[in-house]
Amino acid sequence: DAMVIQNPRYQVTQFGKPVTLSCSQTLNHNVMYWYQQKSSQAPKLLFHYYDKDFNNEADTPDNFQSRRPNTSFCFLDIRSPGLGDAAMYLCATSRDLAGGGSYEQYFGPGTRLTVT
Amino acid sequence: QQQVKQSPQSLIVQKGGISIINCAYENTAFDYFPWYQQFPGKGPALLIAIRPDVSEKKEGRFTISFNKSAKQFSLHIMDSQPGDSATYFCAATNNNAGNMLTFGGGTRLMVKP
């Protein structure tokens, strides 16, 4: 089945120790997103890619970076995690409207990040 | 202008009852209104969506009612089941925003057996 895969599902890192979360998709969607979701809150968009074009949300901290080496993979790098970065990180994909897609976003299961 | 306000924050319904979650928006340019369902430890999944050219859309036990003049839309879950217990997010977007979703704050639904 076509899907969005996130690894690892659970990640524990130390305060200040860089961490990388990964996302892959078999849907061949050209748009990929990274969201941060804290407990009892809605997902908050960090950034997204239209193909290789990177779009950063204005309030995304510089501590968060992303890479998309190809259509299928996208990475979220947190350079110096703080305690406030503990959250669920969700990857999502969609096909853009110009490409015959729809507004629907397909979410992965998320990676729960714990910062000790 | 971009906010979507969702209520209630939490909801408890007896099995077989009707669950109603409401959302209101400000941006009249929004033209797509999805509802996402999220179970604990899982990513959100699209449940049902509506465009403003219709006032209601029904899929099984789930119905969206849309009131364009009031800038409000709601999710009705008929014959609510314990398996419906989840967090529900309304959202909105438009072509100018690309595929970017503006989410409501979420409603945690508990359906009691």
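Values below: all heavy atoms of this structure, side chains included; hydrogens, waters and symmetry mates excluded.
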Next item on the list: Hey, could you give me the OG/CG distance between S94(A) and L101(B), rounded to the nearest 0.5 Å?
Entry: 8.0 Å

Next item on the list: Can you measure from CG (L90(A)) to NZ (K42(B)) and round to the nearest 0.5 angstrom?
Entry: 12.5 Å

Margin query: I'd like to know whether Q41(A) forms a side chain to side chain contact (heavy atoms under 4.5 Å, CB included) with F103(B), so could you lay out the CA-CA distance, the side-chain angles of the two residues, the decisive distance to 0.1 Å, and finally the verdict.
Written below: CA-CA 10 Å; Q41(A) 296 184 20; F103(B) 282 97; over 6 Å; no

Checklist line | Portion of Y36(B) that has a non-hydrogen atom of chain A nearer than 4.5 angstrom | finding: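 The side chain, not the backbone.
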
Note to self: Given heavy-atom pairs under 4.5 angstrom as the criterion, report whether the side chain, backbone, both or neither of Q38(B) touches chain A.
What the structure shows: side chain

Notebook entry, point to check: How far apart are the closest heavy atoms of R108(B) and S40(A), and which atoms are they?
Noted result: NH2-OG, 3.4 Å

Next item on the list: Locate the shortest heavy-atom distance separating A42(A) from G104(B); write the atom from each residue and the value.
Entry: CB-O, 3.2 Å

Next item on the list: Heavy atoms only, distances under 4.5 angstrom: which of P44(B), G43(B), S10(B) has the most pairs with chain A? Name it, please.
Entry: P44(B)

Note to self: Just so I understand: if I count every heavy-atom pair under 4.5 Å between each of A45(B), A49(B), G41(B), A91(B) and chain A, which residue has the most?
What the structure shows: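 Most pairs with chain A among the choices: G41(B).
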
Notebook entry, point to check: Is there side-chain contact between P34(B) and E104(A), with heavy atoms separated by less than 4.5 Å?
Noted result: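 Of all side-chain heavy-atom pairs linking E104(A) with P34(B), none is under 4.5 Å.
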
Check: Of all the residues in residues 105-116 of chain A, which have a heavy atom that comes within less than 4.5 Å of a heavy atom in chain B?
Finding: Q105(A), F107(A), G108(A), P109(A)

Check: Are there residues of residues 56-69 of chain A that reach to under 4.5 Å of chain B by heavy atoms, and which ones?
Finding: none

Check: Q37(A) versus chain B, heavy atoms under 4.5 Å apart: side chain, backbone, both or neither?
Finding: side chain

